[in-house]
Amino acid sequence: MKKQTLSVAMMLVLGGTLAACNNDAENDDNNASNETSTETSEEKSSVTEQAIVGDGSSTVFPILEIVNEDYNAEYGSAAEIGVSGTGAGFDRFIAGETDFQNASRPIKDEEKQALEDAGIEYTELEVAIDGLTVAVNKDNDFVKDLTFEELYKIYSGQAETWADVRSDFPDEKIVVYGPDQSHGTHDFFKEEVMDDEDIQGELIQDTNQVVNAVTSDKNAIGFFGYNFYLNNKDNLQAVSIQGEDSTEAVEPTEENVKSYKYPLSRALFVYVADEKVKENESLSQFIEFLLDNASVAAEDSGYVALDEEKLNEQKDKFKEIIGN
């Protein structure tokens, strides 16, 4: 009996020892598995752990917003994107505070010089096409089209009433709105329509407030990106525009904007800092993702996508930065 008891005891001890060994082995395996999992997770997230910072145009922002949401869904990280306006955005870009800059107009000569002085090399990437839209209140039943000359009269302050614009318009005071000087939309209109003369009227920093002002006043007129018009077209009427070299007024439609037949069609841009793209893998990945998804994002946000050839040109320009 003693031998039997001893034998059982030995077996229990032995079994406990084996179980402990097995548990240790399992723990080692689990630890190894967890380490491998952590390493894999770290490897996957290492590309997106650096901050990505952009700023600029409120017109371009809806495109970047869609891209950023999709990027976050795929990579678990998102860019920080401000909407201070094209001009203010370039100020931050020149100061080295941002990695990329959204713009609803081409870069100005003085901004190029400031970047050169700051030692910042950059690349201009076109991401979509916009038709700057002039719109009136939905209850306005007399303004269907305007010429550049008539727009100049309105936005220079020469025309105080609608009758001053065209004799068969009513003798009602015009209420004039537009985005302020922080916006590329303002700069584009000033250059194209005003011959670089100052714009007169109530100029507002928030483009949504420009839209709201026009929808609230029967005698109001305003201008903004095509996207703002599409999102509020139930309460606005787009005005067909006759360009300086044209004999007919053209409506802002997707087809007319894409062909640049509409005289206030314009390119939308993202400017990237070359050195930051090379140093920041996350930024490089984000811009590549932007270009791969620019067409869908442009259409989804109410703009016009680039044709395939033009988009491929932008991708090739970006590849030159990263050396691919």
Side-chain angles (χ1 to χ4, degrees), residues 58-59 85-87 104-105 130-253 256-257 260-266:
S58 61
T59 301
T86 297
S104 57
R105 57 156 173 82
D130 178 34
L132 184 150
T133 304
V134 178
V136 294
N137 186 279
K138 67 173 183 176
D139 294 326
N140 183 316
D141 57 2
F142 54 90
V143 178
K144 305 300 180 187
D145 57 81
L146 292 168
T147 66
F148 268 36
E149 184 180 352
E150 289 169 334
L151 282 173
Y152 177 86
K153 284 182 181 179
I154 293 169
Y155 279 93
S156 66
Q158 287 182 10
E160 296 184 358
T161 69
W162 283 110
D164 294 334
V165 178
R166 201 177 290 180
S167 58
D168 58 345
F169 287 173
D171 190 19
E172 299 284 345
K173 182 176 175 59
I174 306 173
V175 187
V176 182
Y177 295 99
D180 70 11
Q181 294 88 340
S182 67
H183 293 271
T185 302
H186 174 103
D187 295 338
F188 179 80
F189 189 88
K190 181 179 176 181
E191 182 177 339
E192 294 295 315
V193 176
M194 305 301 295
D195 293 327
D196 273 336
E197 294 182 23
D198 289 341
I199 297 172
Q200 305 299 320
E202 186 169 346
L203 305 179
I204 305 172
Q205 198 280 329
D206 186 343
T207 306
N208 288 302
Q209 290 182 21
V210 179
V211 173
N212 292 336
V214 177
T215 62
S216 302
D217 193 323
K218 182 179 177 179
N219 286 309
I221 186 171
F223 65 88
F224 25 74
Y226 188 55
N227 164 273
F228 289 95
Y229 163 67
L230 286 183
N231 288 337
N232 297 276
K233 63 181 181 180
D234 290 342
N235 297 310
L236 294 168
Q237 289 188 69
V239 178
S240 296
I241 303 298
Q242 182 179 331
E244 290 181 311
D245 301 322
S246 178
T247 57
E248 62 177 356
V250 180
E251 183 183 359
T253 64
N256 291 337
V257 169
Y260 281 81
K261 184 179 178 182
Y262 178 66
L264 291 175
S265 298
R266 57 177 176 164

I want to check something: taking the side chain as every heavy atom from C-beta on, are [X] and [Y] in contact at a cut-off of under 4.5 Å?
| X | Y | result |
| --- | --- | --- |
| R105 | E192 | no |
| T59 | T207 | no |
| T185 | D130 | no |
| L151 | I241 | yes |
| S240 | K144 | no |

Sub-3.5 Å donor-acceptor pair from the side chain of [X] to the main-chain atoms of [Y], do we have one?
| X | Y | answer |
| --- | --- | --- |
| N137 | T215 | yes |
| N256 | P252 | no |
| S246 | Q242 | no |
| Q237 | N140 | yes |

Taking all atoms of both residues into account, what is the closest heavy-atom pair of [X] and [Y], and its distance?
| X | Y | value |
| --- | --- | --- |
| F148 | E244 | CD2-CG, 3.6 Å |
| A159 | V165 | CB-CG2, 3.7 Å |
| P263 | V250 | CD-CB, 4.1 Å |
| E191 | D196 | CA-OD1, 3.7 Å |
| A238 | T133 | CB-CG2, 3.9 Å |
| V239 | Y262 | O-OH, 4.4 Å |

- Task: Please name all residues satisfying side chain to side chain donor-acceptor pair (under 3.5 Å) with D171, sequence neighbours left out, ordered by chain then number.
- Result: T161

- Item | Stepwise side chain to side chain contact (heavy atoms under 4.5 Å, CB included) check, H186 with I199 | CA-CA 8 Å; H186 174 103; I199 297 172; 3.6 Å; yes

- Separation between OG1 of T86 and CG of D187, rounded to the nearest 0.5 Å: 7.0 Å

- Item | Separation between CG of N219 and NZ of K173, rounded to the nearest 0.5 Å | 10.0 Å

- Test W162 against I221 for side chain to side chain contact (heavy atoms under 4.5 Å, CB included), laying out the working first. CA-CA 11 Å; W162 283 110; I221 186 171; 4.0 Å; yes

- Task: If a pair satisfies salt bridge (charged side-chain N to carboxylate O under 4.0 Å, His left out) and one of its residues is in residues 197-223, list it, with sequence neighbours excluded.
- Result: K190-D198

- Could you note down all residue pairs passing salt bridge (charged side-chain N to carboxylate O under 4.0 Å, His left out) where residues 148-170 supplies at least one of them, sequence neighbours left out? D145-R166, E150-R166

- Task: Can you run down the ring pair (Phe, Tyr, Trp, His ring centres under 6.0 Å) pairs that involve residues 198-228, sequence neighbours left out, and say none if there aren't any?
- Result: Y155-F223, F189-F223

- Message: For residues 175-184, which residue pairs pass the side-chain hydrogen bond (donor to acceptor under 3.5 Å, both in side chains) check, not counting sequence neighbours?
- Response: S58-H183, D180-S182

- Taking ring pair (Phe, Tyr, Trp, His ring centres under 6.0 Å) as the test, write out the residues that go with F188, two or more places apart. none

